[in-house]
Amino acid sequence: MLDLIKKFESPTIASNIYLIRDAATKKYAMIDCGGVCKEMDAYIAENNAEVEYILLTHGHFDHICAAEHYRNKYGARIVISEEEEEFTSNNTLNLSNLFGCEMNPFKPDLLLKDGQTIMVGESEITFKLTPGHTIGSGCYFCDGNVIFTGDTMFSMGFGRTDLPTGDPSQLQNSLEMLYKYKGYTIYPGHGERTVIC
Ligand SMILES: [Zn+2]
């Protein structure tokens, strides 16, 4: 069980960074990190937070830009889907070239397959591949009714499909899969959370 889901905003790009905490062990994971966030750093310092994982929903720069920084700072392991691995070292795929954002390539520590689980303390997080926005976009399911959706699904819409590896028909399939989770709360990569109804 989680006892904390805390949202921060990356200061330059307005993408969400979440910190989640396992209730039993007080271990943390970060979900996406599109920039260095002083407010989150202050929270982590004040709470002596032990961040075990950096769970990336997909490889666009506004979700991964600070992953290497935070891996070095907190000793966390970077996790992304295996389909998305190339994004972490290809500045055309991750759009940092397009948006004129400087990003150093990095290697993830762990590559996920569809359905794979990760333990954050005693909380089980399940990764489901939801391609369409990018080929290896995915969502993290936790606590029975919580989904971190990245740019696959927002409170009022869904992610673009006109960027490299995007595919509208794949996204439609992914959204249809997600719409089956009625009553679940989604925490998207941009904007506010909502409940699937
Ligand atoms: Zn994206």
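All ligand and atom numbering here is 1-based and tracks the order in the structure.
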(message) If only side-chain N and O atoms count, and only distance matters, is there a donor-acceptor pair under 3.5 Å linking Tyr53 with Tyr140?
(response) no

(request) Verify, without hydrogens or angle tests, whether Thr57 (side chain) and Thr149 (backbone) share a donor-acceptor contact under 3.5 angstrom. (result) no

(message) Regarding His133, does it place an N, O or S atom less than 2.8 Å from the Zn ion (ligand 1)?
(response) yes

(request) Taking atom types as modelled, find out whether Ser174 and Thr152 have a side-chain donor-acceptor pair closer than 3.5 angstrom. (result) no

(request) Using the six-membered ring of Tyr187, assess whether NZ or CZ of Lys7 lies under 6.0 Å from its centre and within 45 degrees of the ring axis. (result) no

(request) Please confirm if an N, O or S atom belonging to Asp62, backbone or side chain, lies less than 2.8 Å from the Zn ion (ligand 1). (result) no

(message) How large, to 10°, is the angle at the Zn ion (ligand 1) when you draw lines to OD2 on Asp151 and to ND1 on His60?
(response) 160°

